[in-house]
Every structure is written in C-alpha cells, then in structure tokens.
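Atom set for the values below is all heavy atoms of this structure, side chains included, hydrogens, waters and symmetry mates excluded. Note that the structure is predicted; figures quoted are calculated from it, not measured.
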Amino acid sequence: MLFTLILVALIVSLIVVVIALRIYTIGLVKELAIMESRIDQKISLIANKPSR
C-alpha cells in the first residue's frame, strides 16, 4: 500500500516537473525571441543612421 502511494507520488511529481519545465522553456524561448527582435531593431537603426 505504502509502496504504491510513493510510486504514484513520484509519477505525479515527475509529470508536474515536466510540465513546469515545458512552460519555463516556452517562456524562455518567447523572451529570447522578443530580445532578438529588439536587438535586430537596434542594429537596423544603427545601420540605417549613416546611410541617411
């Protein structure tokens, strides 16, 4: 009885960790994408200044 409870608890905690990691990585990817677009905008602004 106790063994099965521990096993269920482990499985549930593993699932929770996996979901949390997925949400975290998706958040990181979105943040990186936003940062990259901002950096690209800055670079394009700097690159476009001398041509004007």
- Query: Transitive ILVMFWY cluster of Leu32 at side-chain heavy atoms under 4.5 Å: who else is in it?
  - Reply: none

Side-chain atoms of residues 11-30: list all donor-acceptor pairs with protein atoms under 3.5 Å, sequence neighbours left out, distances to 0.1 Å.
from, atom 1, to, atom 2, distance (Å)
Ser13, OG, Ala9, O, 3.1
Ser13, OG, Leu10, O, 2.7
Thr25, OG1, Leu21, O, 2.9
Thr25, OG1, Arg22, O, 2.8

- Item | Under 4.5 Å side-chain linkage, directly or through intermediates, the cluster mates of Ile43 | Ile39

